[in-house]
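In listed order, ligands and their atoms are each counted from 1. Values in this document were obtained by computation on a predicted structure and should not be read as measured data.
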Amino acid sequence: MENKVILVCGARPNFMKVAMVLEEMRRFPEDFSPLLVHTGQHYDYELSGAFFRDLSLPEPDVYLGVGSGNHGEQTGKIMIEFERVVEKERPTLIIVVGDVNSTLAAAIVASKLLIPLAHVEAGLRSFDRTMPEEINRTVTDLLSDYCFTTEEDGNLNLEREGVDGSRIHLVGDVMVDCLMKTREKAEDSKILKDLHLEEEGYAVLTLHRPSNVDSKETLSRILEALEVVGERIQIIFPAHPRTKKRLKNFGLAPQNVIVKDPFGYIDFIRLEEKAEFVLTDSGSIQQETAVFGVPCLTLRENTERPFTIERGTNTLVGTGKDRIVEESLRILDGGGKSGEVHLLWDGKASQRIVKVLKGTQP
Ligand code: UD1
């Protein structure tokens with residue numbers, strides 16, 4: 001029987017994850033007939049098309065084109081459009097990745113239509129319900145027939161929430177698969193040369209969490225800290241469209257920070273790997289810097305990736321000016337954290353996922 005599988009993606013951090021699972025599934029055409037659905041949650045070239053290019057992802061089979069909106073509006077639109085696709089295609093499995101609104105919307109549709117559901121990157125928890133992603137991933141996990149976790153903490157979180165152990169599979173991190181696969185290719189990137197940067201002679205900054213950028217007070221405080229740090233090291237800031245809009249609306253202009261448009265995947269991982277350190281509020285970047293062994297300062301009060309703090313290169317610094325400056329200077333004065341990499345971040349997570357789905361896991 002044909003095993004029609006729908007893989008859903010919608011926003012920037014989804015694309016590398018679906019790319020890895022899709023590529024692995026395509027090695028078994030007798031077992032899987034995959035269909036790629038892009039919800040259109042992200043639609044700008046820098047946040048979507050550039051990633052399809054860099055990851056050699058095929059054009060989506062279905063593009064829903066839902067675009068931006070408030071949470072209810074965006075999630076609802078995706079559900080309406082995605083339900084039509086599922087009714088038409090009647091897949092035997094739906095795979096969702098990560099924790100964005102597209103993930104949740106597709107998960108609800110799958111479960112209501114009684115289609116088996118797999119969640120890649122299950123079990124991560126920040127225990128902070130003010131983050132929309134925390135709600136997205138918690139609900140998605142509860143609905144999923146297969147919860148593919150990245151590390152042991154994920155298993156513990158799911159078990160604590162009552163998810164049956166038979167649904168949980170510890171497989172590692174597909175994002176790390178993608179990083180390892182692309183790392184060599186990224187050596188050809190000209191980004192350092194184009195930006196006139198020396199290896200380890202600059203810091204990279206990313207900011208897009210609503211809790212950081214939607215409040216003028218918080219954003220101003222972060223910018224004040226960066227102005228001080230920027231006296232010591234060049235800070236490259238590829239700014240998310242959400243953040244750019246807020247900066248404009250609040251009338252804020254970052255000082256001592258070089259603001260750029262978002263980079264594609266290959267250029268970005270090159271910048272990340274060769275940075276002296278990274279400042280971020282992203283989840284994925286905490287993980288990627290841990291793999292590269294690059295110190296990371298996370299401008300948040302909590303993280304869904306505790307391994308990167310306990311054993312990796314990550315430090316939670318919150319959004320207070322003094323702490324951001326202090327920790328940045330500590331790194332610049334030679335005190336950056338060195339860390340270890342989780343054993344299962346070995347580039348084989350997508351292989352393990354596909355093995356489970358084929359039912360051949362020993
Ligand atoms: C979304 C995810 C977040 C993820 C981030 C990565 C949710 C709830 N959030 O946040 O988990 O870390 O993507 O980037 O799903 N916009 C554009 N062009 C685009 C897309 C968005 O200009 O292609 C602007 C729009 O003004 C939009 C805003 O950015 O309203 C926010 O986009 P949205 O997809 O709602 O959330 P992100 O902040 O990108």
Side-chain angles (χ1 to χ4, degrees), residues 8-18 38-55 60 63-79 81-82 96-108 119-122 124-126 128-141 175 178 204-215 218-219 237-250 259-265 268-269 272 278 280-288 298-300 302-305:
V8 182
C9 60
R12 181 169 59 176
N14 286 167
F15 303 128
M16 38 291 218
K17 298 167 198 167
V18 288
H38 186 332
T39 66
Q41 176 174 345
H42 283 177
Y43 42 87
D44 281 349
Y45 182 74
E46 292 90 2
L47 297 191
S48 176
F51 283 74
F52 273 70
R53 175 202 65 202
D54 283 2
L55 297 163
Y63 184 73
L64 304 179
V66 297
S68 300
N70 293 334
H71 286 279
E73 189 186 359
Q74 188 176 56
T75 311
K77 269 192 197 162
I78 299 169
M79 286 177 66
E81 296 303 323
F82 187 59
V96 296
V97 299
D99 53 20
V100 301
N101 285 346
S102 302
T103 312
L104 172 67
I108 295 174
H119 183 205
V120 173
E121 204 185 73
L124 296 182
R125 295 290 180 271
S126 64
D128 177 358
R129 284 275 167 99
T130 66
M131 287 179 75
E133 294 82 2
E134 183 75 356
I135 296 166
N136 292 345
R137 53 193 169 228
T138 307
V139 177
T140 301
D141 284 340
M175 214 173 49
C178 196
V204 176
L205 165 73
T206 80
L207 276 182
H208 75 281
R209 291 265 158 249
S211 56
N212 282 345
V213 305
D214 290 359
S215 147
T218 310
L219 189 53
F237 179 24
H240 187 286
R242 171 195 280 279
T243 312
K244 273 195 190 155
K245 270 185 204 160
R246 295 292 183 258
L247 287 168
K248 194 164 170 241
N249 296 345
F250 296 149
V259 183
K260 292 280 170 194
D261 286 331
F263 299 111
Y265 182 65
F268 187 77
I269 64 169
E272 219 178 350
V278 172
T280 191
D281 59 8
S282 146
S284 317
I285 292 173
Q286 297 171 51
Q287 196 94 327
E288 290 171 353
T298 296
L299 280 58
R300 285 171 46 186
N302 51 54
T303 178
E304 58 284 349
R305 299 172 191 272

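The one candidate from F52, F51, Y43 that meets the ring-ring contact (aromatic ring centres under 6.0 Å, His included) condition with H38 is F52. In summary, of the residues considered (V97, D99, V96), a side chain to side chain contact (heavy atoms under 4.5 Å, CB included) with H119 occurs for V96 alone. Paired with S126 under the rule side chain to side chain donor-acceptor pair (under 3.5 Å), one option of E133, E134, E304 passes, and it is E134. Screening L299, V204, T298, L205 against T280 for a side chain to side chain contact (heavy atoms under 4.5 Å, CB included) leaves a single residue, T298. Of the candidates T218, D281, T243, D281 is the only one forming a side chain to side chain donor-acceptor pair (under 3.5 Å) with N212. Partner of N101 under the side chain to side chain donor-acceptor pair (under 3.5 Å) criterion, out of Q74, E73, Q41: Q74 alone.
Shortest contact from atom 6 (C) of ligand 1 to any protein heavy atom: P13 CD, 3.5 Å. The protein atom (non-hydrogen) at minimum distance from atom 22 (O) of ligand 1 is P241 CB, 3.1 Å. Nearest protein neighbour of atom 26 (O) of ligand 1, counting heavy atoms only, is K245 NZ, 2.4 Å. The protein atom (non-hydrogen) at minimum distance from atom 2 (C) of ligand 1 is V100 CG1, 3.7 Å. For atom 21 (C) of ligand 1, the nearest protein heavy atom (residue, atom name, distance) is S68 OG, 3.7 Å. Atom 19 (C) of ligand 1 has Y43 CZ, 3.5 Å as its closest protein atom, hydrogens excluded (heavy atom only). Looking at atom 11 (O) of ligand 1, its nearest protein heavy atom turns out to be E133 OE2, 2.5 Å. Remark: minimum distance from atom 28 (C) of ligand 1 to any protein heavy atom is reached at R242 CB, 4.1 Å.
No part of S102 comes within 4.0 Å of ligand 1, judged by heavy-atom distances. Residue-level proximity to ligand 1 for H42 is carried by backbone and side chain together, each with a heavy atom below 4.0 angstrom. If you look at L47 next to ligand 1, the close heavy atoms, those under 4.0 Å, all belong to the side chain.
For ligand 1, the atoms lying closer than 4.0 Å to a non-hydrogen atom of H240 are 14 (O), 29 (O), 37 (P), 38 (O), 39 (O). The ligand atoms of ligand 1 that sit less than 4.0 angstrom from a heavy atom of H208 are 4 (C), 5 (C), 6 (C), 12 (O). The distance from ligand 1 to the heavy atoms of N101 drops below 4.0 Å at these ligand atoms: 7 (C), 8 (C), 15 (O).
Using a 4.0 Å cut-off between a side-chain N of Lys or Arg and a carboxylate O of Asp or Glu, R305 and E121 qualify as a salt bridge.
Residue H71 places no N or O, backbone or side chain, under 3.5 Å from any N or O of ligand 1. Considering backbone and side-chain atoms alike, N136 places every N or O at 3.5 Å or more from each N or O of ligand 1.
The side-chain heavy atoms of M131 and R209, taken from C-beta on, include a pair separated by under 4.5 Å. When side chains are defined from C-beta on, R242 counts as touching P210, because their heavy atoms get closer than 4.5 Å.
To the nearest 0.5 Å, atom OG of residue S68 and atom CG of residue D44 are 8.0 Å apart.
Contact analysis leaves E46 out of contact with ligand 1, as no non-hydrogen atom separation drops below 4.0 angstrom.
Minimum interatomic distance between P13 and K17 (heavy atoms only, all atoms of both residues): O-CE, 3.1 Å.
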